[in-house]
Amino acid sequence: MNAAIPAPAGLTLTGACAGYGRTVVLDGITLSLAPGSTLALLGRNGVGKTTLLATIMGLTTLHGGSIRFNDEDIGRLAPYERCKRGIGFVPQEREIFPSLTLEENLDVAARPGRWTIERVYEFFPRLAERRRNRGNQLSGGEQQMLAIGRALVGNPTLLLMDEPLEGLAPVIVDALLAGLNRLKREDDLAMLVVEQHARLALEFAEAAVILDRGVVTYCGACRTLLDEPERLASLIGVARQ
């Protein structure tokens with residue numbers, strides 16, 4: 001089952017089939033994300049969640065269908081062109097530069113706009129304290145904050161995040177969630193979040209899409225799934241806390 005969340009503009013995928021080389025991982029994905037809204041992307045490991053983010057970012061082969069962002073077809077654009085149009089990406093591996101300082105990691109990604117390096121420091125004070133440390137001298141939580149900050153200084157209108165809470169201590173998870181909720185309140189930024197912690201993601205986002213073997217099996221309100229835990233468990237295999 002594929003269904004769309006109506007949106008006046010923003011991001012829209014229609015019948016998108018994509019993968020790596022000739023291998024098709026996503027089969028006919030249709031979904032939409034309106035400007036300023038939040039969407040949780042859920043599902044078991046290996047169902048295509050990371051591939052979907054990579055496809056939006058232009059890192060896979062698009063075999064069919066379309067990807068539109070702010071009423072422009074971006075399906076054949078290079079990743080850097082998508083970044084210029086306002087799509088930011090926080091990869092699961094973080095991929096910060098280990099030999100650069102924290103501030104240099106931010107500086108290389110900065111583009112003019114409302115998000116400056118100083119605003120990132122105000123948002124994540126721990127980064128300001130560690131601004132002179134190199135990437136390989138940061139903790140996992142600090143690296144994740146840096147990865148998010150690096151995406152923000154690119155001044156996106158859409159932020160893609162691939163498992164931002166993975167492998168972090170509970171106290172760091174709480175701090176990051178507080179930052180993301182503040183971001184949702186204070187900035188007109190659309191966010192698409194892949195997360196294995198289903199309930200945390202559903203409590204954060206407004207709408208959810210669940211994937212299974214490269215197709216959409218649920219597209220609708222997060223509240224519905226929070227109120228029906230048995231349905232959530234059947235859709236993703238296990239309802240993780």
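Note: hydrogens, waters and symmetry copies are ignored here, and every other heavy atom, side chains too, is used. One is the number of the first residue; the rest follow in order along the sequence. Quick caveat: nothing in here was measured; it's all calculated off a predicted structure.
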| task | Determine, step by step, whether Leu211 and Thr217 satisfy the side chain to side chain contact (heavy atoms under 4.5 Å, CB included) criterion, reporting the C-alpha distance in whole Å, the side-chain angles of both residues, the deciding distance to 0.1 Å, and the verdict. | result | CA-CA 6 Å; Leu211 295 185; Thr217 57; over 6 Å; no
| request: Please answer whether the main-chain N or O of Val194 pairs with a side-chain N or O of Glu163 as donor and acceptor at a distance below 3.5 Å. | output: no
| task | Kindly work out whether a path of hydrophobic side-chain contacts (I/L/V/M/F/W/Y, heavy atoms less than 4.5 Å apart) joins Val24 to Val215. | result | no
| request: Give a yes or no on whether Val90 and Tyr80 share a hydrophobic cluster (residues Ile, Leu, Val, Met, Phe, Trp, Tyr; joining criterion: side-chain heavy atoms under 4.5 Å apart). | output: no
| Restricting to pairs with a member in residues 145-161, which pass side-chain hydrogen bond (donor to acceptor under 3.5 Å, both in side chains), not counting sequence neighbours? | none
| query | Is there a side-chain contact between Asp187 and Arg119, using heavy atoms and a 4.5 Å cut-off? | reply | yes
| In the single-linkage hydrophobic clustering (I, L, V, M, F, W, Y; side-chain heavy atoms under 4.5 Å), do Val120 and Val108 co-cluster? | no
| Looking at Asp212 and Lys49, does any basic side-chain N land under 4.0 Å from a carboxylate oxygen? | no
| request: Assess whether atom CZ of Arg22 is packed by more than 12 heavy atoms of other residues, nucleotides or ligands within 6.0 Å. | output: no
| query | Does the pair Glu129/Arg126 count as a salt bridge with the N-to-O cut at 4.0 Å? | reply | yes
| Spacing of CG belonging to Leu31 relative to CG belonging to Leu39, to within rounding of 0.5 Å | 6.5 Å
| said: Minimum heavy-atom separation for Tyr20 and Leu59, please, with both atom names. | reply: CE2-O, 4.4 Å
| query | Same cluster or not: are Phe97 and Val153 linked, directly or through other Ile, Leu, Val, Met, Phe, Trp or Tyr residues, by side-chain heavy atoms under 4.5 angstrom apart? | reply | no
| query | Does one side chain, of Tyr121 or Glu103, offer a donor that lies under 3.5 Å from an acceptor on the other? | reply | yes
| message | Salt bridge or not between Glu81 and Arg85? Use side-chain N to carboxylate O under 4.0 Å. | response | yes
| query | Below 4.5 Å, heavy atoms only, C-beta onward: do Phe89 and Leu159 meet side chain to side chain? | reply | no
| task | Let me see the working for Arg82 and Ile67 under side chain to side chain contact (heavy atoms under 4.5 Å, CB included), right down to the final yes or no. | result | CA-CA 11 Å; Arg82 303 183 196 210; Ile67 305 172; 4.1 Å; yes
| When rounded to the nearest 0.5 angstrom, what is the spacing between CG in Leu180 and CZ in Phe123? | 7.5 Å
| query | Without hydrogens or angle criteria, can the side chains of Gln196 and Asn45 be said to hold a donor-acceptor pair below 3.5 Å? | reply | yes
| query | What closest approach, in Å, do Ala175 and Met145 show between heavy atoms, and which atom pair accounts for it? | reply | CB-CE, 4.4 Å
| Rounded to the nearest 0.5 Å, what separation is found between the CZ atom of Arg223 and the CD atom of Glu228? | 11.0 Å
| request: Measure from the side-chain N and O atoms of Glu203 to the backbone N and O of Leu200, and report whether any donor-acceptor pair falls under 3.5 Å. | output: no
| So, do Leu192 and Ile56 sit near enough that their side-chain heavy atoms are less than 4.5 Å apart? | yes
| From CZ (Arg131) to CG (Leu102), nearest 0.5 Å | 9.0 Å
| Side-chain heavy atoms of Tyr218 within contact of Val209, under 4.5 Å | no
| message | Could you tell me if the side chain of Glu195 sits less than 4.5 Å from the side chain of Pro164, heavy atoms only? | response | yes
| request: For His63 and Ala16, indicate whether the former's side chain and the latter's backbone hold a donor-acceptor pair under 3.5 Å. | output: no
| field | Shortest non-hydrogen contact between Gly58 and Pro79, atoms and distance | value | O-CG, 3.5 Å
| request: Please name the pair of heavy atoms, one in Ala190 and one in Ala34, separated by the smallest distance, quoted to 0.1 Å. | output: CB-O, 3.7 Å
| query | Looking at side-chain heavy atoms only, is the closest gap between Ile148 and Gln144 below 4.5 Å? | reply | yes
| For the student: nearest non-hydrogen atoms of Leu26 and Leu52, plus distance | CD1-CA, 3.6 Å
| Residue pair Phe204 / Asn181: nearest heavy atoms and the distance that separates them | CD1-OD1, 3.5 Å
| field | Donor-acceptor contact present, side-chain Glu104 to main-chain Thr101, <3.5 Å | value | yes
| Are Asp27 and Arg213 within salt-bridge range, i.e. N to O under 4.0 Å? | no
| Just wondering, do Leu100 and Arg134 contact through their side chains at under 4.5 Å, heavy atoms? | no
| request: Look at atom CD of Glu93 and say whether more than 12 heavy atoms of other residues, nucleotides or ligands are closer to it than 6.0 Å. | output: yes
| field | Under 3.5 Å donor-acceptor, Thr30 side chain and Gly15 backbone | value | yes
| message | Please evaluate residues Cys83 and Met57 with respect to the criterion side chain to side chain contact (heavy atoms under 4.5 Å, CB included), reporting the C-alpha separation (whole Å), side-chain torsions for both, the decisive distance (0.1 Å), and the verdict. | response | CA-CA 8 Å; Cys83 181; Met57 205 64 220; 4.3 Å; yes
| Can Leu183 and Leu189 be said to form a side chain to side chain contact (heavy atoms under 4.5 Å, CB included), step by step? | CA-CA 8 Å; Leu183 189 61; Leu189 181 66; 3.8 Å; yes
| CG of Leu42 to CG of Leu232: how many Å apart, nearest 0.5 Å? | 7.5 Å
| query | Do the non-hydrogen side-chain atoms of Met161 and Gln92 ever get within less than 4.5 Å of each other? | reply | no
| request: Would you mind telling me which of Thr51, Thr50, Thr23, Thr55 makes a side-chain hydrogen bond (donor to acceptor under 3.5 Å, both in side chains) with Thr60? | output: Thr55
| message | Nearest 0.5 angstrom please: His197 NE2 to Glu166 CD, how far? | response | 9.0 Å
